[in-house]
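Since the structure comes first, as structure tokens, the remarks are kept for the end.
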Amino acid sequence: MSPSITRTIRRWLPAVAWMALIFWFSSQPDLPRPPSDLLNLILRKGAHFGVYAVLALTYVHALGGWQHRRLAFVLAVLYAISDEFHQSFTPNRFPSAMDVLIDSAGALAGLWLGPYGQRFVAERGRSAARDRGRAGAERRV
């Protein structure tokens, strides 16, 4: 396989795996639920939000960077729509426009917060590298 094909597969693998996970959960007719209806609602809608934030970020990675964040958002929304359609064929599950809105909000939040998280991770990495450099210098003295 050519290096560019291998690179493309590696970039898209997290997105495809995450989409498969979403598809699997959507295929389950009965998911476990906590005893409280309110807690169930919060957990499920929060999961929708978070899962699609991650999906949008995997799309950014697959597409090659932040300059493609609009396309990543569109792909996440289209997947949310297709996921709700898929649920219409799953026993005890029903499609919901509200879930698509929550999924879309999650994708948007992920894309909005993603660069801040990336900078935070980079700063922590630089800080850790400086600390390792100082520790190495102290040992040499």
Side-chain angles (χ1 to χ4, degrees), residues 1-140:
M1 219 181 308
S2 76
S4 65
I5 292 173
T6 302
R7 194 171 31 253
T8 300
I9 290 170
R10 283 187 183 157
R11 279 198 336 251
W12 276 96
L13 192 59
V16 171
W18 200 249
M19 291 164 55
L21 183 68
I22 292 169
F23 186 88
W24 182 82
F25 273 108
S26 292
S27 299
Q28 303 309 303
D30 294 310
L31 293 172
R33 43 182 301 131
S36 162
D37 287 339
L38 178 61
L39 185 57
N40 183 54
L41 179 71
I42 291 169
L43 290 174
R44 286 186 189 234
K45 300 314 173 189
H48 272 269
F49 189 89
V51 162
Y52 277 85
V54 171
L55 181 62
L57 294 173
T58 65
Y59 283 149
V60 165
H61 175 72
L63 294 166
W66 290 104
Q67 67 274 21
H68 301 292
R69 66 186 171 274
R70 285 189 178 117
L71 179 55
F73 176 73
V74 169
L75 290 174
V77 171
L78 289 174
Y79 194 75
I81 293 167
S82 74
D83 181 54
E84 291 303 316
F85 179 71
H86 165 246
Q87 283 186 23
S88 69
F89 299 103
T90 304
N92 301 329
R93 302 293 295 270
F94 306 97
S96 166
M98 181 57 71
D99 283 351
V100 172
L101 290 175
I102 293 168
D103 298 341
S104 300
L108 193 60
L111 294 170
W112 183 69
L113 293 172
Y116 298 107
Q118 187 178 24
R119 274 184 272 195
F120 175 76
V121 169
E123 275 301 312
R124 300 255 331 206
R126 284 192 288 273
S127 175
R130 277 193 304 269
D131 292 346
R132 282 191 304 272
R134 278 191 222 127
E138 291 170 1
R139 280 191 298 257
R140 287 188 295 261

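Numbers for residues simply follow the sequence, beginning at 1. The structure displayed is predicted, hence computed values, not measured ones. Both backbone and side-chain heavy atoms feed into the values below; hydrogens, waters and symmetry mates do not.
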About how many Å separate [atom2] of [Y] and [atom1] of [X], when rounded to the nearest 0.5 Å?
{"X": "R44", "Y": "S96", "atom1": "CZ", "atom2": "OG", "answer": "12.0 Å"}
{"X": "F49", "Y": "L101", "atom1": "CZ", "atom2": "CG", "answer": "12.5 Å"}
{"X": "S27", "Y": "I22", "atom1": "OG", "atom2": "CD1", "answer": "11.5 Å"}
{"X": "D99", "Y": "I81", "atom1": "CG", "atom2": "CD1", "answer": "12.5 Å"}
{"X": "D83", "Y": "Y52", "atom1": "CG", "atom2": "OH", "answer": "4.0 Å"}
{"X": "D30", "Y": "T90", "atom1": "CG", "atom2": "OG1", "answer": "11.0 Å"}

Student check: side-chain heavy atoms of Y59 and L71 closer than 4.5 Å: no
So M98 and K45, do their side chains get closer than 4.5 Å, heavy atoms only? no
Can you confirm whether more than 12 heavy atoms, excluding those of R10, are under 6.0 Å from its CZ atom?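 No, not enclosed.
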What pairs of residues pass the ring-ring contact (aromatic ring centres under 6.0 Å, His included) test when at least one of them lies in residues 77-110, not counting sequence neighbours? F23-H86, F85-F89
Exercise: identify the closest heavy-atom pair between [X] and [Y]:
{"X": "A72", "Y": "L63", "answer": "N-CD1, 3.8 Å"}
{"X": "R69", "Y": "V60", "answer": "CA-CG2, 4.2 Å"}
{"X": "S26", "Y": "Q87", "answer": "OG-NE2, 3.4 Å"}
{"X": "E84", "Y": "V100", "answer": "CG-CG2, 3.5 Å"}
{"X": "A107", "Y": "A76", "answer": "CB-CB, 3.7 Å"}
{"X": "L57", "Y": "G114", "answer": "CD2-CA, 4.0 Å"}

Within the side chain of W18, is there an N or O that forms a donor-acceptor pair under 3.5 Å with the backbone of V51? yes
Please check this pair: side chain of R93 against backbone of Q28, looking for a donor-acceptor N/O pair closer than 3.5 Å. yes
Once side-chain contact (heavy atoms from CB on, under 4.5 Å) is applied, do any residues pair with L39, and if so which ones, sequence neighbours excluded?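 Scan of L39 (side-chain contact (heavy atoms from CB on, under 4.5 Å), adjacent residues dropped) gives P34, S36, L43.
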Qualifying residues under ring pair (Phe, Tyr, Trp, His ring centres under 6.0 Å), relative to W12, sequence neighbours excluded: none
